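Here is the naming used below: chain letters follow the sequence lines, and residue numbers restart at 1 for every chain. Keep in mind it's a predicted model, so treat the numbers as computed, not measured.
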There are 2 protein chains.
Amino acid sequence: MAEGAPPGGQSLLFLTDEQLRKGIEAMFFAYRGFTSDPDRILEGKDMGRAHHRAIHFIHRSPGTTVSNLMAILGVTKQSLNRVLRALIETGLVEARVGRRDRRERHLYLTREGAALERELSDAQRERMRAAYRTAGPVAVAGFRQVLEAMMDEESRRHYETLAEGGGQ
Amino acid sequence: MAEGAPPGGQSLLFLTDEQLRKGIEAMFFAYRGFTSDPDRILEGKDMGRAHHRAIHFIHRSPGTTVSNLMAILGVTKQSLNRVLRALIETGLVEARVGRRDRRERHLYLTREGAALERELSDAQRERMRAAYRTAGPVAVAGFRQVLEAMMDEESRRHYETLAEGGGQ
DNA sequence: CTTGGAATGTCAACAAGGCTGACGTATTGT
DNA sequence: ACAATACGTCAGCCTTGTTGACATTCCAAG
């Protein structure tokens, strides 16, 4: 990998293979940190990352259906069902039959589910908050821009749809 | 979490729970995109993400030992060994006995291993490059700052140690 | 020279969380 | 009446992580 003059003529140094590689490694290591706190919390509770994800998105979109959750999480119904069954059996999630379409199950967190969600999300947000504070608002904006540009089309659709419901 | 005036006095809006939550979701969706291309490539070759990670870091630090790789990847030797065995058997990785300490195995990519590494890393870098180009250099700097701030201490050590060997 | 401990390999067993395929059931819309 | 949809479930498989136990090899200290 010879490192000659910038190919674009000006400051395209940030597109160097080496820069890209560092970005890749940063994603790898950061993701580990990102998931570590919830993982630790769930470890004692007979649950894992999959449960956390389901809880997160049910909290985020109360009343969401099973198929919608499948699409967001990008897993099969069998995988999702295993997790949902556990969450329902332990009383963290409630599945209400749809009023308009009674084939659908609308998912809600129970009080206990909401409490666990808060515990998990507090831990995860705390790390995120610390990182944001360290890096500052400009960096945060860039962080989100790059991540959004890295998503698949479909993921981006889900991401943006979720965002509408919340604050922005 | 009531949403009154910004507690800091000025623009601390980026530390809102909602902003943090969007960052969390951005990480989730972006990481899916991040791994999708290599996953697709490996899917036909009897290998998975674990093999990719090993190949990546062996390429990055040729001659690294098994224990060092264990520390970087954060997995047990049994997990790593399963992957390494497959890579060695298929002729993608070579394990040379250490000269100074003959208990150690120093890991290198073979020609075939390097070729696969390039294929995987080309795909992954291409997505990263597109995201970088879309977001621009300022955003990229912020992206990396936030990710670095999100890492565990130990991960950050590994991350920086790797970076020394390369460019930057 | 012996021996403790480090580095590595390996076997076995297990768990989480993905997947496919197949099938059943309720419900809806045509 | 019937096809399609939404969901649940059983069975089986794969990858990738885990522990625990044990053997080997070898460096280095006593």
(request) Please determine if A:R60 and B:E18 form a salt bridge, counting it only when a charged side-chain N lies under 4.0 Å from a carboxylate O. (result) yes
(request) Establish, with yes or no, whether the OP1 or OP2 oxygen of C:dG17 is under 4.0 angstrom from a side-chain nitrogen or oxygen of A:H51. (result) yes
(message) Output the rounded distance in Å from CE (B:M47) to C1' (D:dT15).
(response) 13 Å
(message) I'd like to compare against my own output: the B/S/- annotation of nucleotides 25-30 of chain C with a strict under-4.0 Å heavy-atom distance to protein.
(response) -BBS--
(request) Rounded to the nearest angstrom, tell me the gap between atom CD in A:E43 and atom C1' in C:dA15. (result) 13 Å
(message) Would you say the ring centers of A:F28 and B:F57 fall short of 6.0 Å from each other?
(response) yes
(request) Would you mind reading off the distance between A:I55 atom CD1 and C:dG17 atom C1', rounded to a whole angstrom? (result) 15 Å
(request) Quickly work out the A:N68 CG to D:dT5 C1' distance and round it to whole Å. (result) 15 Å
(message) Quick check on contacts: within residues 71-88 of chain A, what sits under 4.0 Å from DNA chain C by heavy-atom distance?
(response) A:G74, A:V75, A:T76, A:Q78, A:S79, A:R82
(message) One thing to verify: whether A:R129 and A:E126 come together as a salt bridge, which I'm taking to mean a side-chain N less than 4.0 angstrom from a carboxylate O.
(response) yes
(request) Starting at atom CG of A:L42, determine the distance to atom C1' of D:dG17, rounded to an integer number of angstrom. (result) 16 Å
(request) Write down the distance between CE (B:M70) and P (D:dG17), rounded to a whole number of angstrom. (result) 13 Å
(message) Salt bridge or not between A:E25 and A:R32? Use side-chain N to carboxylate O under 4.0 Å.
(response) no
(request) Walk me through it: do A:R156 and A:E153 pass the test salt bridge (charged side-chain N to carboxylate O under 4.0 Å, His left out)? (result) CA-CA 5 Å; A:R156 185 155 41 240; A:E153 269 312 314; 2.7 Å; yes
(request) In plain terms, say whether A:R144 and A:E148 are close enough for a salt bridge, that is, a side-chain N and a carboxylate O under 4.0 Å apart. (result) yes
(message) In this structure, how many angstroms lie between the C1' atom of C:dG17 and the NE2 atom of A:H52, rounded?
(response) 16 Å
(message) B:D122 and side chain to side chain donor-acceptor pair (under 3.5 Å): which single residue from B:R118, B:R125, B:Q124 fits?
(response) B:R125
(request) Quick one: closest heavy-atom pair of A:A139 and B:Q145, and the distance? (result) CB-OE1, 3.6 Å
(message) Within 45 degrees of the ring normal and closer than 6.0 Å to the centroid, is that where the cationic atom of A:R127 sits relative to A:F34?
(response) no
(request) Return the value, rounded to whole Å, for the distance between atom CZ of B:R49 and atom P of C:dG17. (result) 14 Å
